[in-house]
Amino acid sequence: MDQGNQDKLTPELEKLLKQVRLKEPPKDLMTDYAAGVNAKIEQQSGKPHFGFPQVVLVTAVGLVFAGIFYFISARPLTQTQTPALQPLVDSVTHHSKEPFGARTPRSTQDDNLSEALQSVNAPVQAEEFSIEEEFVLLEAFEDEFLDEENAVLGDEDLFEELSLLDELEISNSSVISTPGL
Amino acid sequence: MNPTDLSDQALVTKAREGDRTAFDALVLRYQNRAVLMAQGVLKNFELAKDASQNAFVKAYFGLKNFRQEANFKTWLFKIVLNEARDACRKEKARALFKFQVNRETEEGKESILEAVPATTVSPREVFEAQEAKERLERALERLPDREREVFILRYLNDLSLVEISETLGMALGTVKAHLAHGNERLKIILSAQCQSVKVRE
């Protein structure tokens, strides 16, 4: 029934359709049609086919190899050489993170530093550091100032006073260490 | 057994197993309709021949994914139409780079219709048949693409509505709607043509 409604043609259209049909392709031009299809099939069979699955597979394999190469070549460089520097870094980091007001006397600081240096097995000065190791050292020696400290640093009078205190400490320690006094 | 006597399903099964003669039999069976279907889109025999051959090649390599229970004819026609549309798009893109109007393109458009040979040699019948062909062609040109496709597949290719829906990849309801609208529009266009002829007379 549904089909009947859509297929209901006007008498004029029905008459036209009876007088007309699809034109058959010229026979002389269709004799080589099947041969043309076969030739195209052979051509397609011969050439390598790079479809979407092949592209995905190649990309995935490439990423896997890149990951393996990274783990083999890059990571051991960061792991084997940093342990020798770690005690030194830890010591310096500890000093740099001290609150600004609570400063340990210079002599104590020197002792701690020399201990840290002695604990390092390999002669640090003799080795050339990689870029990563240099950054680690720079970060360790970099003082992290708190906001309060930044505010204080701007005060020149206070800065002068603190330098005077430093000089007094140094002179005291030299008096103590001088024999006979 | 002659491959031409076998059903589509039997030939497809043999072709999937690697029997090229079975596939050649399928090509022979559907080559004319494939070319006509492509020509309906491309309006040019050579382009239609090339596009339909490419469709057969795609069908050959796609046989391994073809579901046995599906209809080979509609599956093939779907590939043909897609290839023809792709070729049409490429031709239009090429035409954009031509900086002058190419009259040859207009003249190269070939008709896909022909008048049914008259049972008698009456000149009047021959003339009427030729005129009918031209009228229908002009009217079909004025239809929207989808409605024209559905109309041609239904009344000139003798496909059922279900086959049309499989070929065009649209729902059955949509096919029915296109067909109904197409018929209605053709009725209006043809009556307008009649009126303009009467006015001229």
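Everything numeric here is computed off the predicted structure, so don't read it as measured data. Each chain gets a letter, A, B and so on, in the order its sequence line appears, and its residues count up from 1.
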Between B:Y30 and B:S52, a side-chain donor and acceptor under 3.5 Å: no

Part of B:D24 lying under 4.5 Å from any heavy atom of chain A: side chain

Under 4.5 Å from a heavy atom of chain A, the part of B:V27 involved: side chain

Chain A contact via B:E128 - side chain, backbone, both or neither, heavy atoms under 4.5 Å: both

Chain B-proximal positions within residues 60-68 of chain A [heavy-atom distance under 4.5 Å]: none

When B:K49, B:Q39, B:K187 are compared by non-hydrogen pairs under 4.5 Å with chain A, the top option: B:K49

Pairs of heavy atoms under 4.5 Å with chain A: top-ranked of B:L186, B:N157, B:I112, B:L28: B:I112

Most contacts with chain B, counted as non-hydrogen pairs under 4.5 angstrom, among A:A34, A:P26, A:P25: A:P25

Qualifying salt bridge (Lys or Arg N to Asp or Glu O under 4.0 Å) pairs with a residue from residues 7-18 of chain B, counting only residues at least two apart or across chains: B:D8-B:R29

Heavy-atom side-chain contact between B:M170 and B:I164 under 4.5 Å: no

Main-chain N/O of B:L159 paired to B:R154 side chain as donor or acceptor, under 3.5 Å: yes

Polar side-chain atom of A:E42 near backbone of A:A39 as donor-acceptor pair, under 3.5 Å: no

A:Y33 backbone acceptor or donor facing B:Q53 side chain under 3.5 Å: yes

B:F61 atom CZ: more than 12 heavy-atom contacts under 6.0 Å: yes

Sidechain-backbone polar pair: A:D32 side chain, A:A35 backbone, donor-acceptor under 3.5 Å: no

Short side-chain to backbone donor-acceptor contact, A:R21 and B:L113, under 3.5 Å: no

Cation-aromatic face contact B:R185/B:F151, 6.0 Å, 45 degrees: no

Between A:I41, A:L17, A:L13, A:L29, the one whose heavy-atom pairs under 4.5 Å with chain B are most numerous: A:I41

Chain A contact via B:R135 - side chain, backbone, both or neither, heavy atoms under 4.5 Å: side chain

